[in-house]
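Just so you know, these numbers come straight off a predicted model, no measurement behind them.
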Amino acid sequence: MRAYGGNLTTFLLVVLAVASTSNALDASRLRFHNAQSINFWKLQQHAAAGIATTIYSPTEGKTAPVQAGGGGESSSSSSFQAPLAVAPKFYAQTFTQPLDHFYNTTDATFPQRFWVNARHYKPRPGAPVILIDGGETSGEDRLPFLDTGIADILAQATGGIGVVLEHRYYGESIGVRNFSTDALRWLNNEQALEDSANFIRNVKFGGIKEDLTAPNTPWIYYGGSYAGARAAHMHILYPDLVFGAIASSAVTHAVLTNWEYMDVIRLAADPKCSSNLVNSITTIDSLLKIGPVRRSLKNLFGLGELESDQDFVSVLRYPLGWWQSRNWDPAVGSTNFDQFCATLNGDSDTARTVLLPGGLNVNVAVLNYAKWIRENVVTLCPQKASLTIEDCFGTNNDLIYQSTDLGEDWRLWTFQYCTQWGYLTVHCATEKYPAIISRLLDIDYEHKICKQAFPPGVHYSVPPLPNVTAVNSLGGYHIEADRLAFIDGEVDPWRPYTPHSTYGGAVERDDTLLRPFKIITGGVHHWDENGLRDVSQEPKEIRQIHDETIKFVISWLRDWEKHM
């Protein structure tokens, strides 16, 4: 992929994952929702504060030191992001949005950022706008998809323009002074969807004289993951504005607990690695029940000072989050999961048991697991800052989760899943499915961050449990419409919450031009979103899904022309 140059204000440098993947510092990719994920976020920020790098901007014509880190698709969420060496040549514009569209609770506004790619634009009636929903991250994270990804691919094929629209509260699209419970009460699906609708109705693009607002222009709305669900919701709720939508890895079915996420990984991972995970977790859970060896077990992992067994096993879950970060493009994805598996599998008989001092009897796979945690997780706890293991990985101190300043952007997606989306990652309640995470990880442990981080405000209180009905009432597994495409990865851990789920609830559908329903063989999380300038270098599965997407979007646009 080519080097990018652009305005320094648009730079996002994710050097922690690129320069030192062996340290697994990019905690923002960890897609687990609990207090421990916030601990990793804080450790990442601490590491980032001590690292600076130099990048070059051809536009600015100078080098500039930029602090590394930050960013990530919602700190504690993370869905996929592309690591950028430097930013593409797109400049942020802003569109003024009301903070409250519906209830007259405030007259405050905020500047919603957006970026435009007009390099392929051919002015004419029917020239489409391809909009990428920024989702739960800074819109800057989506700029590669505007430059060589799905927005550019479709704009080039149709003579349209590409747009990235940043989500309210994320990046710099902020209209509040802090992220307290009260200040976050306008961060919900209803308000954010209306942002997009208001934008599509009224936006004026700088440098483009034509009026490209809907309904007089066909808008094709694209989103991946949470933003994929939003793409589907936009088409359902605003069919007069969104002519077509592409919902990639779209989690349209919200759930309180998502044990299936881990089961996808168990089934899709290298069989030896999966077996070693199951056996290791079974052994660890059993040993934690034996008082005399419990501390010795934690010491083996370098976590002997950690008091809570649940905190201990939640740390062990850390490397599994890297499965979601796999991508067909090595410049975008991460190989950390594969590296973890290589360590876990080792070069010897991993089933062989070893008797350690203190009476601890474990198999070789557990020893390998402990080695990876010591070298890649425990080392994140900065000794120079005089922090203890309990300080770094304990979750019982409520105060460390209650800072509300704007730098604590982990609070955003946490608030969203605590209020509406759920997806609390617990073990399966039945023994039918082997576990690759500890059975100590229950809903009470996973959900406690919602109480710790968001005490009741004057105007708003977080519900006792996420109100997933607010999402599922829009269609859930069964959401469908003409010109609404669903694209999923075969081994995406989020597939169980999409219309392609194989865990019950969803039904098989025909794949047609009018209602595309596609699976990327071997694909993980919205693998169709990124692309290469030289398409011949893309894997055949990616070239195929891009070609098929062009085909059905052109078909949709022909329908638009017929009805105008």
_Heavy-atom side-chain proximity of Phe393 to Phe40 below 4.5 angstrom_ = yes
*Determine, for Glu431 against Arg439, whether the closest basic-nitrogen to carboxylate-oxygen distance falls under 4.0 angstrom.*
yes
*If you measure from CZ on Arg266 to SG on Cys428, what distance do you get to the nearest 0.5 Å?*
9.5 Å
*Will you find, in the side chains of Tyr226 and Asp133, an N or O donor that is under 3.5 Å from an N or O acceptor?*
no
*Is it the case that Asp311 and Thr395 place a side-chain donor and acceptor less than 3.5 Å from each other?*
yes
_Flag side-chain contact, heavy atom, 4.5 Å: Pro499 against Arg509_ = yes
*asked:* Could you go through Asn276 and Asn368, starting from their C-alpha distance and side-chain angles, then the distance that decides it, and tell me whether this counts as side chain to side chain contact (heavy atoms under 4.5 Å, CB included)?
replied: CA-CA 10 Å; Asn276 280 328; Asn368 294 340; over 6 Å; no
*Indicate whether the side chain of Tyr103 and that of Glu190 have a donor and an acceptor atom separated by less than 3.5 Å.*
yes
*Provide the closest heavy-atom pair for Val426 versus Ile443 in the form atom of the first, atom of the second, distance.*
CG1-N, 3.6 Å
*Classify the angle between the aromatic ring planes of Tyr460 and Phe415 as parallel (below 30°), tilted (30 to 60°) or perpendicular (above 60°).*
tilted
*Can you tell me how far CD1 of Ile38 sits from CG of Leu43, rounded to the nearest 0.5 angstrom?*
11.5 Å
_Heavy atoms from other residues, nucleotides or ligands near CZ of Arg177 exceed 12 (cutoff 6.0 Å)_ = no
*For residues Tyr401 and Glu408, is any side-chain donor paired with an opposing acceptor at under 3.5 Å?*
no
*Going by atom types only, do His526 and Ser225 share a side-chain donor-acceptor pair under 3.5 Å?*
no
_If you compare all heavy atoms of His235 against all heavy atoms of Ala245, which two are closest, and at what distance to 0.1 Å?_
CB-CB, 3.8 Å
*Aromatic rings Tyr503 and Trp259: how do their planes relate, parallel, tilted or perpendicular, breaks at 30° and 60°?*
perpendicular
*Regarding Ser196 and Tyr221, is there a side-chain donor-to-acceptor distance under 3.5 Å anywhere?*
yes
*Using atom types as modelled and distance alone, determine if a side-chain donor or acceptor of Trp328 lies under 3.5 Å from a backbone N or O of Trp527.*
yes
*Scan side-chain atoms only and decide if Asn299 and Ser296 contain a donor-acceptor pair under the 3.5 Å cut-off.*
no
*Check: Thr181 side chain, Ser461 main-chain N or O, donor-acceptor pair, under 3.5 Å*: no
*Would you check if there is a donor-acceptor pair between the side chains of Trp186 and Thr105 at a distance under 3.5 Å?*
yes
_pair Tyr261-Pro496: side-chain heavy atoms closer than 4.5 Å_ = no
*asked:* Under a 3.5 Å distance rule, please check whether Asp285 uses its side chain to pair with a backbone N or O of Ser438 as donor and acceptor.
replied: no
*Main-chain N/O of Leu316 paired with Tyr369 side-chain donor or acceptor, under 3.5 Å*: yes
_Side-chain H-bond candidate by donor/acceptor type, Asp195 with His101, under 3.5 Å_ = yes
*asked:* Could you tell me if Asp182 and Ser180 have a donor-acceptor pair between their side chains, going purely by distance under 3.5 Å?
replied: no
*asked:* With rounding to the nearest 0.5 angstrom, report the CG to NZ distance, Asp263 to Lys432.
replied: 9.5 Å
*Value rounded to 0.5 Å, distance of CG in Leu424 from SG in Cys450*: 6.0 Å
_Is it the case that the side chain of His525 and the backbone of Asn327 share a donor-acceptor pair, with hydrogens and angles ignored and the cut-off at 3.5 Å?_
no
_Qualifying residue, where the test is side-chain contact (heavy atoms from CB on, under 4.5 Å) with Leu303 and the options are Val313, Ile389, Leu297_ = Ile389
*Min side-chain heavy-atom separation Gln416-Asn189 under 4.5 Å*: no
*How long is the gap from CG on Asn279 to CG on Leu344, to the nearest 0.5 Å?*
9.5 Å
_Run the side chain to side chain contact (heavy atoms under 4.5 Å, CB included) test on Phe337 and Leu320 for me, step by step, so that the C-alpha distance in whole Å, both residues' side-chain angles and the decisive distance to 0.1 Å come before the verdict._
CA-CA 7 Å; Phe337 184 90; Leu320 306 187; 4.1 Å; yes
*Are Arg295 and Glu307 ion-paired here, with the side-chain N under 4.0 Å from a carboxylate O?*
yes
*asked:* Taking Val278's backbone N and O only, do any of them form a donor-acceptor pair with Thr282's side chain (distance below 3.5 Å, no angle check)?
replied: yes
*Just jot down the side-chain hydrogen bond (donor to acceptor under 3.5 Å, both in side chains) partners of Asn396, sequence neighbours excluded, or say none.*
Lys448
*Looking at side-chain heavy atoms only, is the closest gap between Ser249 and Val524 below 4.5 Å?*
no
*Side-chain donor or acceptor of Arg230 paired with backbone N/O of Gly135 under 3.5 Å*: no
*Val491 to Val264 - nearest heavy-atom pair and separation*: O-CG1, 3.7 Å
*Does Arg168 use its side chain to pair, donor to acceptor, with the backbone of Leu99 at less than 3.5 Å?*
yes
*asked:* Whether Lys451 and Asp398 form a salt bridge (side-chain N of Lys/Arg under 4.0 Å from carboxylate O of Asp/Glu) is what I want to check.
replied: no
*asked:* Using a 3.5 Å distance criterion without hydrogens, assess whether the side chain of Glu166 forms a donor-acceptor pair with backbone atoms of Gly134.
replied: no
*With Trp494, the side-chain hydrogen bond (donor to acceptor under 3.5 Å, both in side chains) member among His500, Gln324, Glu260*: Gln324
*What is the minimum heavy-atom distance between Ala232 and Ile479, and which atoms define it?*
CB-CD1, 3.8 Å
*Which heavy atom in Ala247 sits nearest to a heavy atom in Gly228, and how many Å separate them?*
CB-O, 3.3 Å
*asked:* Between Arg374 and Leu300 (side chain of the first, backbone of the second, donor and acceptor by atom type, cut-off under 3.5 Å), is there such a pair?
replied: yes
*Would you tell me whether Thr425 and Asn258 have side-chain atoms, one donor and one acceptor, within less than 3.5 Å of each other?*
yes
*Ring-face cation of Arg326 near Trp323 (centre distance under 6.0 Å, axis angle within 45°)*: yes
*Apply side chain to side chain contact (heavy atoms under 4.5 Å, CB included) to the pair Val462 and Leu184, showing each step before the final yes or no.*
CA-CA 10 Å; Val462 169; Leu184 292 173; over 6 Å; no
*Does the side chain of Leu412 come within less than 4.5 Å of Tyr170's, by heavy atoms?*
yes
*Sub-4.5 Å side-chain heavy-atom contact between Thr419 and Asn188*: no
*Could you walk me through whether Phe179 and Ile174 pass side chain to side chain contact (heavy atoms under 4.5 Å, CB included), step by step?*
CA-CA 10 Å; Phe179 291 152; Ile174 301 171; 4.2 Å; yes
*Starting at NE2 of His447, measure out to CG of Leu465 and round the result to the nearest 0.5 Å.*
5.0 Å
*Could you check whether the rings of Trp421 and Trp413 sit parallel, tilted or perpendicular, using 30° and 60° as the cut-offs?*
tilted
*Where do Phe145 and Asn530 come nearest, in terms of heavy atoms and distance?*
CE2-CB, 3.6 Å
*Side-chain contact test, heavy atoms from C-beta onward, threshold under 4.5 Å: evaluate it for Leu367 versus Leu356 and give yes or no.*
yes
